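Here is how names work: the chains are called A, B, and so on, in the same order as the sequence lines, proteins then strands, and each is numbered from 1. Just so it is clear, the model here is predicted, and its values are computed rather than measured. Only heavy atoms go into these numbers, but all of them, side chains included; no hydrogens, no water, no symmetry mates.
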Amino acid sequence: MSALLSPLGALGRLTLDILAAMGRVAIFAAQTLTHMLRPPFYPREFLNALLQIGWLSLPVVGLTAIFTGGALALQIYAGGARFNAEAVVPQIVAIGMVRELGPVLVGLMIAARVTSSIAAELATMKVTEQIDALVTLSTHPMKYLAVPRVLAALITVPILVGVGDIIGIFGGYVVATQNLGFNAAAYLQNTVDFLEMRDIVSSLVKGCVFGGIAAVMGCYYGMNSGRGAQGVGRATKGSVEAAAVLILAANFLLTGVFFSV
Amino acid sequence: MIRFENVHKSFGPKRVLRGMTLDVPKGTSMVIIGGSGTGKSVALKCVLGLIKPDSGRILVDGGDAETGDRDAFLARFGMLFQGGALFDSLPVWQNVAFRLLRGALKKPASEAREIAIDKLRRVGLTADVADLYPAELSGGMQKRVGLARAICADPEIIFFDEPTTGLDPIMAGVINELIREIVTEMGATAITITHDMSSVRAIADNVAMLHDGVIKWTGPVGKMDASGDPYLDQFIHGRATGPIEAVR
C-alpha cells in the first residue's frame, strides 16, 4: 500500500511546491507593481534600465525578426505552391509576424538577453551582500532594483515588438520581391490591407505582458538566489526557463482572448 | 544603548541564536568574538532588520528595533560589510555618497561628491580614486571605501562585519587603527564582529564571546586575558582543546 502511495505523495509535494512558488512570484509581482506607484522613484536607474532593456536589445531583435520574416516568406511560398496559393505570402507573413512570431520571438529573445542579465546581476548583488547594503543605506531594494527594470520592460518590450513586427515584415518583403518575383507596391498594399487594428493591439499587449514576465522573473530569481557561484548560476538558469515557459503560456492565453471566435 | 534581550533565531533545524542577551552602552566599542557559524553576523543583521528574530527583543535607545519609522531608524546606522559590498555599477564617490544622493539626506551632486572625497581622505585615500570603479581597487582599498561609505552620513551607530578578513597583517592594522580613530572622534556606538584577536585589542572597549548562540562572557577588553572563562581562554589563545569542540 505504501509503495502505491509513495509516488502519489511525491506528486502531491511537487504540486504544493509548484503552487507555493507561483504564489511567491505572484506576490513579488504585485509588490513590484504597488511600489511603482509610491515614492521614492529612481529616475536614473529607470533611464539606465530603458537603455539596457530597450535600446541595446534592438540589434538582436532586429536580426531575429528579419531572418524570421524572410524564412516565413520562403516557407509560405513553397507551401502555398502545393495548392496554387503563392499569392498569399504578404498576408500570411504580416499576420504571422504581427500576431505570433513577432511578440513570441521578441519575448524569448528578451528572456534570453534581459532576464538572464537581470537575474545574474541581482543574484551577484545578493551573494556579495550588496542588497543588504542597500537596506542599510535606507534604500528599498525592490524600489531601487526591481521597479526600474520591470517598468522599463513594460514600456520598451512592446516597442521592440512593434519594431520586430515591422522588420519581420520587411524581411518577408525583401525575400518576396527580390527572390520570389512579387511586385513591391502590391506586396505592401496587400500587407496593409490585410492587417487589422486587433492584430496590432494584440501584438503590443503581448509585448507588454512578455516584457513584464521577463523582467519580473529576472528580478525574482536574482533577489532570491542561493549562495555562491552555484546560486547565481541556478538563479540565472531558473529565471530564463521560467520566463520562456511563462511567455509561451501567456501567448497561448492571450491568443485565445484576442482571437477565439 | 543597544540591548539584545533573549534573542532566538533558527534557520530550519539549525538554531543559531539561542537566547542571546547583551548590552552595548552608548558611545562604546563592543567587539563580538566567536567561532565561524556562531551567529555573530546574524545578530548584527537582526538589529538592522535584515533578518527577523524568531523571538526576543532588540532595543536601540529603548525603542524596539522592529517598530517605528524604518528610514529614520536606518539613517542612524552605518555598516562596513565583510566583502565591502560596494556597488559594482557605481564609481567610488557615488558608492561613498550613496545616501547623500537619494532619499531624505539628498544633497546636490557636487556637494555630495565633496563630502565623499573628504571621507575618502579620512580613510587614507586620495581624490584620484573617486572616479574609479570598485573592481579597479585592491581589497584593502575596497575596505577603506566601505569604511568611508559607512561613516559618510555621520551615523550614531556603526557596525563592522569582520573588517580585516582577507587583508594582510599590515593593512589589517591600518584598518583597525582607522576604525578606532573614527569611532572615538565621532563618538559613535560601534559593534565589530571578528575572529582576529589583534582587531579585538585595537578596536574594543568591551568584548563579548558568543558561543552556541549565547553570550558566554562579556566585559572590558582589559579583563579579557584574566577572565577565567574556559571558552574565552580557548578562543583567544587559539587552542584546539577545550570546551569549544574543534571539528577536525
Side-chain angles (χ1 to χ4, degrees), chain A residues 17 20 31 34-35 38-53 56 114 117-149 152 218-219 222-229 231-232 236, chain B residues 11 41-42 44-52 65 69-90 94-106 109 112 134-135 142 145-153 155 157-162 165:
Chain A
D17 286 348
Q31 285 176 337
T34 58
H35 278 298
R38 288 179 287 154
F41 305 113
Y42 297 103
R44 278 185 57 181
E45 281 65 35
F46 172 62
L47 291 174
N48 187 43
L50 281 181
L51 181 74
Q52 294 293 332
I53 298 171
L56 297 179
V114 173
S117 158
I118 292 175
E121 183 181 0
L122 300 194
T124 305
M125 289 184 75
K126 173 94 187 296
V127 301
T128 56
E129 295 186 302
Q130 291 178 51
I131 292 182
D132 284 347
L134 277 177
V135 176
T136 66
L137 293 165
S138 308
T139 302
H140 199 300
M142 197 165 259
K143 282 188 183 297
Y144 186 76
L145 298 173
V147 167
R149 287 166 172 81
C219 293
M223 293 175 79
N224 293 284
S225 94
R227 291 182 176 186
V232 176
T236 308
Chain B
F11 295 97
S41 295
V42 171
L44 286 194
K45 289 181 177 180
C46 283
V47 179
L48 294 165
L50 296 170
I51 294 173
K52 189 173 163 52
D69 181 350
R70 263 329 272 153
D71 284 350
F73 177 78
L74 288 169
R76 301 174 63 190
F77 289 84
M79 177 151 181
L80 171 60
F81 285 85
Q82 185 177 345
L86 301 176
F87 305 123
D88 306 317
S89 57
L90 300 178
Q94 288 187 27
N95 265 281
V96 175
F98 191 90
R99 218 174 212 157
L100 307 180
L101 290 167
R102 45 187 71 74
L105 301 175
K106 187 171 179 176
Q142 288 188 15
V145 174
L147 185 53
R149 183 173 72 182
I151 63 172
C152 191
I157 303 160
I158 313 177
F159 291 164
F160 302 99
D161 185 358
E162 308 209 11
T165 298

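- What you find for B/A75 and A/S138 is that their closest heavy atoms are N-OG, 3.8 Å.
- Counting heavy atoms from C-beta on, the side chains of B/M79 and A/E129 never come closer than 4.5 Å.
- For a residue to count as touching a neighbouring chain, one of its non-hydrogen atoms must lie under 4.5 Å from one of that chain's; by this rule A/T128 touches chain B with the backbone only.
- Scanning both residues, B/F87 and A/M125, for their nearest heavy atoms gives CD2-CE, 4.1 Å.
- Between A/E121 and B/D88 the shortest side-chain heavy-atom distance does not fall below 4.5 Å.
- Interface remark: of the candidates A/V135, A/T139, A/T136, A/T136 forms the most heavy-atom pairs closer than 4.5 Å to chain B.
- For a residue to count as touching a neighbouring chain, one of its non-hydrogen atoms must lie under 4.5 Å from one of that chain's; by this rule B/L80 does not touch chain A.
- In this structure the side chain of A/L137 reaches within 4.5 angstrom of the side chain of B/R149, judged on heavy atoms.
- Remark: A/R227 CZ is loosely packed, at most 12 non-hydrogen atoms of other residues, nucleotides or ligands lying under 6.0 Å away.
- Within the 4.5 angstrom heavy-atom criterion, only backbone atoms of B/L86 (N, CA, C, O) approach chain A.
- Proximity to chain B (any heavy atom under 4.5 Å) is shown, for A/L134, by both the backbone and the side chain.
- The aromatic rings of A/Y144 and B/F98 lie perpendicular to each other, with more than 60° between the two planes, well past the 30° mark.
- Ranked by heavy-atom pairs shorter than 4.5 Å toward chain A, the options B/D161, B/D71, B/L50 are led by B/L50.
- Counted within 6.0 Å of CZ on A/R44, heavy atoms from surrounding residues, nucleotides or ligands total 12 or fewer; the atom is thus considered open.
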